[in-house]
A.B. asks: 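Take this structure, written in C-alpha cells, and hold onto it; I'll ask about it next.
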Amino acid sequence: MDIRTRLALAAFSAIVFTAAVAGQMPSPEERARIEAGNAAERNRELKLLGVTAMQPGVTAYDIGKPGNANYDESKANPFPKLPEMMSLQNGTKVKTRAQWEQRRREIKALFDEDVYGKFPAKIPSVSWTVTGTEEMAIAGVPAVVKHLVGHTDNSAYPAITVDIHADLVTPVSAKGKKVPVIIGGGSTRPRPVMRPPAAAGQPVHMLSMPENPPDSAELLLKHGWGFVSRTSNEVQADNGAGLISGIIGLVNKGQPRSLDDWGVLRAWGWGDSRIVDYLVTDPDVDSTKIGVTGHSRGGKAALVAMVDDPRISIGYISSSGAGGANLYRRNYGEAVGNLAGNSEFHWFAGNFLHYAAAGHTANEMPVDSHEFIALAAPRAVFIGGGAFIEDPKYLPGDAWQDAQGMFMAAAAASPAWEIYGMKGLNNSTFPPMNTFVNTGKIAFRQHQYGHTPAPNWPYFIEFADRIFQGK
C-alpha cells in the first residue's frame with residue numbers, strides 16, 4: 001500500500017470515527033469508500049496468505065433458497081468432534097490447576113495466532129481525566145454521571161489520536177458506597193422508541209421485541225449498581241479500511257498490520273480494559289465487582305475483553321454468535337465465510353482468513369470457541385440469545401447467532417470450572433426456550449424474541465447477584 005493510499009484511508013477513517021461518535025450513518029459516498037478500503041485491505045492480506053479463492057458466505061433471510069444459512073438442526077453438526085480441551089499438546093490429561101494453567105497458555109497462544117490476533121509488544125498508555133460530574137435522571141432514576149476522557153499517548157506518532165470518551169453512571173441512592181459497575185451496561189442517551197407506528201395497513205418490519213422491553217440502565221440503577229456508557233468505535237473503527245487508524249494504526253504508525261496482528265474485537269476489548277484501569281481507582285466503584293457486556297459483535301468483543309482482563313469478574317455475552325461464543329464447527333446461521341468477508345474480516349487476525357479459503361473448513365482450526373470461553377474460568381459468564389422466529393416480519397429472528405451452538409460451547413467449556421472445584425454450565429441438554437440455567441458459574445437463557453439483549457437483562461442481574469453474594 002503506497003503512502004497516498006494510506007493517507008487517504010487514514011483521512012476517511014477519521015470521518016467514520018466522527019460519524020460513529022455522533023451516532024450518524026456514513027453517506028452513500030462514504031460507505032462506498034469504506035467498502036473499497038475493506039476490499040483493498042482484505043485482498044492485501046489474502047495475497048500475503050497465498051489465498052486465491054474463498055468460501056462464499058451465506059444469506060440470512062432467504063429461507064429455503066440456495067446460498068441461505070442452514071436453520072435445520074439435523075444438518076447443524078457436520079464436525080461433531082471438537083478439539084480436545086483438557087489435554088496438553090504433549091497428550092497429558094489435565095487433572096490439576098497447574099496443568100490447566102499450562103493448557104490455558106497453549107489455548108491462548110493458538111487463539112492469538114489464528115483467531116483474534118496478538119497484542120503488540122508495546123501499546124501506548126492511556127491517561128484518564130474526569131472532565132465533569134453532574135446529577136441527572138437516567139431512565140427516570142436519579143444518577144451521578146462522571147464524564148471521563150482517556151487519552152492514549154500518541155507522542156510516538158502524533159498523526160493518529162485515540163481518545164476514549166466514557167460516562168460512569170451510579171445511582172444517587174448509593175452515594176458514599178462502592179457499587180458494582182457493568183461496562184456497556186446502559187446508555188446516557190434517551191431510550192429510543194422501540195415500536196414506531198406503521199402506516200395504515202402496513203406491517204412493521206423491524207426487530208421482534210417485547211412490548212415493554214427491560215431497560216438495562218433503569219434496572220441497574222434501581223438495583224443500586226452502576227454502568228459505563230462508551231463507544232468502542234472511538235478505539236477502533238468497525239471496518240478494514242480503518243486498520244491503519246485507531247489504536248491498531250497508532251501502534252503500527254499508520255502502516256498495515258501483520259497477519260498475526262490483533263483485529264478489531266481485541267482492540268475493542270483493550271479499550272474496555274483501559275476503562276477498568278480507571279474504575280479500579282474510582283472511590284465509588286467496587287473493584288471486585290466489575291462486569292462487561294455486549295450484544296452481537298459487541299458480545300464477541302465483551303467475551304474477548306473478559307478473557308484478556310482477569311479484573312473483569314463477570315460478563316453478559318449476548319447473541320455473540322459466530323466468532324464469539326458459538327462453535328466455529330457448527331453449520332447453523334452465520335458461517336465462517338461470512339466472518340471472513342469484506343465487512344467482518346477485520347474483527348480477526350489476518351491469519352483467520354485461511355480457514356475460510358476455498359477447499360478448507362473450520363474443522364481444520366486447532367481450537368474452537370468452547371476453549372475460548374474456558375479461558376474465563378473461574379470467573380462467571382452469562383451467555384444469552386434469542387430464538388428462531390417464523391413470523392415473516394421477523395424471520396429468522398436471532399437464529400443467525402445460533403443459541404443452541406452457544407449452549408453447546410458453554411457446556412463443552414465447563415470442565416475448566418470443574419478444575420477449580422466449581423460447576424460451569426451444570427447442564428448438557430439444550431433447555432426449552434425461556435428456561436433460565438442458573439446453578440453454576442456459567443448461566444444461559446434463550447428468550448423468545450429476536451436479536452436483542454433486553455429480555456435477558458433481569459436474568460443476568462439475578463445471576464450476577466448470586467455470584468456477587470458468593471452463592
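Each residue takes its place number in the sequence, starting with 1. None of these values were measured; they are calculated from a predicted model.
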A.B. asks: Fit a plane to each ring of Phe407 and Phe444, take the angle between them on a 0 to 90° scale, and name the class: parallel (under 30°), tilted (30 to 60°) or perpendicular (over 60°).
C.D. replies: perpendicular
A.B. asks: Please say whether more than 12 non-hydrogen atoms of neighbouring residues, nucleotides or ligands are located less than 6.0 Å from OH in Tyr71.
C.D. replies: yes
A.B. asks: Under the side-chain contact (heavy atoms from CB on, under 4.5 Å) criterion, do Asn331 and Phe79 qualify, and how do the steps go?
C.D. replies: CA-CA 9 Å; Asn331 174 32; Phe79 308 115; over 6 Å; no
A.B. asks: Check whether any side-chain heavy atom of His451 sits under 4.5 Å from a side-chain heavy atom of Trp400, and report yes or no.
C.D. replies: no
A.B. asks: As an exercise, state the distance from CD1 of Ile461 to CG of Leu220, rounded to the nearest 0.5 Å.
C.D. replies: 4.5 Å
A.B. asks: To the nearest 0.5 Å, tell me how far Asp368 CG sits from Met408 CE.
C.D. replies: 9.5 Å
A.B. asks: Using side-chain heavy atoms (C-beta onward) and a distance below 4.5 Å, is His447 in contact with Thr452?
C.D. replies: yes
A.B. asks: Please say whether more than 12 non-hydrogen atoms of neighbouring residues, nucleotides or ligands are located less than 6.0 Å from CD in Glu390.
C.D. replies: no
A.B. asks: So, do Tyr328 and Tyr355 have ring centers that fall under 6.0 Å from each other?
C.D. replies: no
A.B. asks: Angle class for the Trp225/His223 ring planes (parallel below 30°, perpendicular above 60°, tilted otherwise)?
C.D. replies: perpendicular
A.B. asks: Taking Ala322's backbone N and O only, do any of them form a donor-acceptor pair with Asp402's side chain (distance below 3.5 Å, no angle check)?
C.D. replies: no
A.B. asks: Phe468 vs Ser313, test: side-chain contact (heavy atoms from CB on, under 4.5 Å). Steps then yes/no.
C.D. replies: CA-CA 9 Å; Phe468 290 161; Ser313 62; 3.8 Å; yes
A.B. asks: For the pair Arg42 and Glu45, find out whether any cationic side-chain nitrogen is under 4.0 Å from an anionic carboxylate oxygen.
C.D. replies: no
A.B. asks: Could you tell me which residues satisfy side chain to side chain contact (heavy atoms under 4.5 Å, CB included) with Ser320, sequence neighbours excluded, listed by chain and number?
C.D. replies: Lys300, Ile317, Ala325, Met406
A.B. asks: Taking only residues two or more places apart in sequence, or in another chain, which ones meet Glu371 in a salt bridge (charged side-chain N to carboxylate O under 4.0 Å, His left out)?
C.D. replies: Arg103
A.B. asks: Please identify which of these residues, Met365, Arg105, Gln89, meets the side-chain contact (heavy atoms from CB on, under 4.5 Å) condition with Leu110.
C.D. replies: Gln89
A.B. asks: Establish, from distance only, whether the side-chain atoms of Trp347 and Asp238 form a donor-acceptor pair under 3.5 Å.
C.D. replies: yes
A.B. asks: Between Arg379 and Lys441, is a side-chain contact (heavy atoms from CB on, under 4.5 Å) present by the stated rule, with each step listed?
C.D. replies: CA-CA 7 Å; Arg379 292 165 291 148; Lys441 294 296 286 289; 5.9 Å; no
A.B. asks: Can you tell if the side chain of Arg330 reaches within under 4.5 Å of the side chain of Gln404, non-hydrogen atoms only?
C.D. replies: yes
A.B. asks: Show me the pairs that pass ring-ring contact (aromatic ring centres under 6.0 Å, His included) and involve residues 39-69, at least two apart or across chains.
C.D. replies: none
A.B. asks: Is any side-chain heavy atom of Leu353 less than 4.5 Å from a side-chain heavy atom of Val51?
C.D. replies: no
A.B. asks: Side-chain donor-acceptor pair under 3.5 Å between Asn456 and Arg445, yes or no?
C.D. replies: yes
A.B. asks: With side-chain contact (heavy atoms from CB on, under 4.5 Å) as the test, would you mind laying out the steps for Ile63 and Asn68 before giving the verdict?
C.D. replies: CA-CA 6 Å; Ile63 309 297; Asn68 194 68; 3.7 Å; yes
A.B. asks: Angle class for the Phe460/Phe382 ring planes (parallel below 30°, perpendicular above 60°, tilted otherwise)?
C.D. replies: perpendicular
A.B. asks: Just by distance, no angles: are the side chains of Asp72 and Ser74 close enough, under 3.5 Å, to form a donor-acceptor pair?
C.D. replies: yes
A.B. asks: Kindly indicate whether the side chain of Phe227, heavy atoms from C-beta on, has any atom under 4.5 Å from the side chain of Thr293.
C.D. replies: no
A.B. asks: Measuring only between side-chain heavy atoms, which start at C-beta, is Trp100 closer than 4.5 Å to Met86?
C.D. replies: yes
